[in-house]
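Side chains included, hydrogens not; waters and symmetry mates left out as well; all remaining heavy atoms used.
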Amino acid sequence: MASTSRDPAPPYASAARISDSPCYPQYSASLKCLEEHNSEKSKCREHFDVYKECKKKEREARLERNRNRSFFS
């Protein structure tokens, strides 16, 4: 089987990379904190909470967009 230079298709149409998320800066900050504190999660709680809140808002916005869509438009 020959390989192609293109990226493989996502498993489903709405699949997105974490880097495409509006919460990517919060995600990155969480990982950086873990690196700086030798994976000691207790020192990064604030970063995790900020990321969790961002993901919650992102999910709510997506649900609202979906609610406002019409099958007939």
**Report entry** salt bridge (Lys or Arg N to Asp or Glu O under 4.0 Å) assessment of Glu58 paired with Lys55
**Finding:** CA-CA 5 Å; Glu58 181 183 37; Lys55 291 300 286 185; 2.8 Å; yes
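- Atom CD of Glu46 sits in a sparse spot, with 12 or fewer heavy atoms from other residues, nucleotides or ligands closer than 6.0 Å.
- Atom OH of Tyr27 has 12 or fewer heavy atoms from other residues, nucleotides or ligands within 6.0 Å.
- Rounded to the nearest 0.5 angstrom, Ser39 OG and Leu34 CG are separated by 5.5 Å.
- A salt bridge does not link Asp49 with Lys52: none of the charged nitrogens is closer than 4.0 Å to a carboxylate oxygen.
- Each of Ser30, Cys23, Ser28 was checked for a side chain to side chain contact (heavy atoms under 4.5 Å, CB included) with Gln26, and the lone residue meeting it is Cys23.
- With respect to the salt-bridge test (charged N to carboxylate O, under 4.0 angstrom), the residues Glu64 and Arg67 qualify.
- Taking CD of Glu35 as the start and SG of Cys44 as the end, the distance is 10.0 Å to the nearest 0.5 Å.
- In this structure, OH on Tyr24 lies 10.0 Å from CZ on Arg17, to the nearest 0.5 angstrom.
- The CD atom of Glu40 sits 4.5 Å away from the NZ atom of Lys43 when rounded to the nearest 0.5 Å.
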Query raised in the report: When you look at Tyr51 and Leu31, which way does the side-chain contact (heavy atoms from CB on, under 4.5 Å) test go after all the steps?
Result: CA-CA 11 Å; Tyr51 175 64; Leu31 293 181; over 6 Å; no
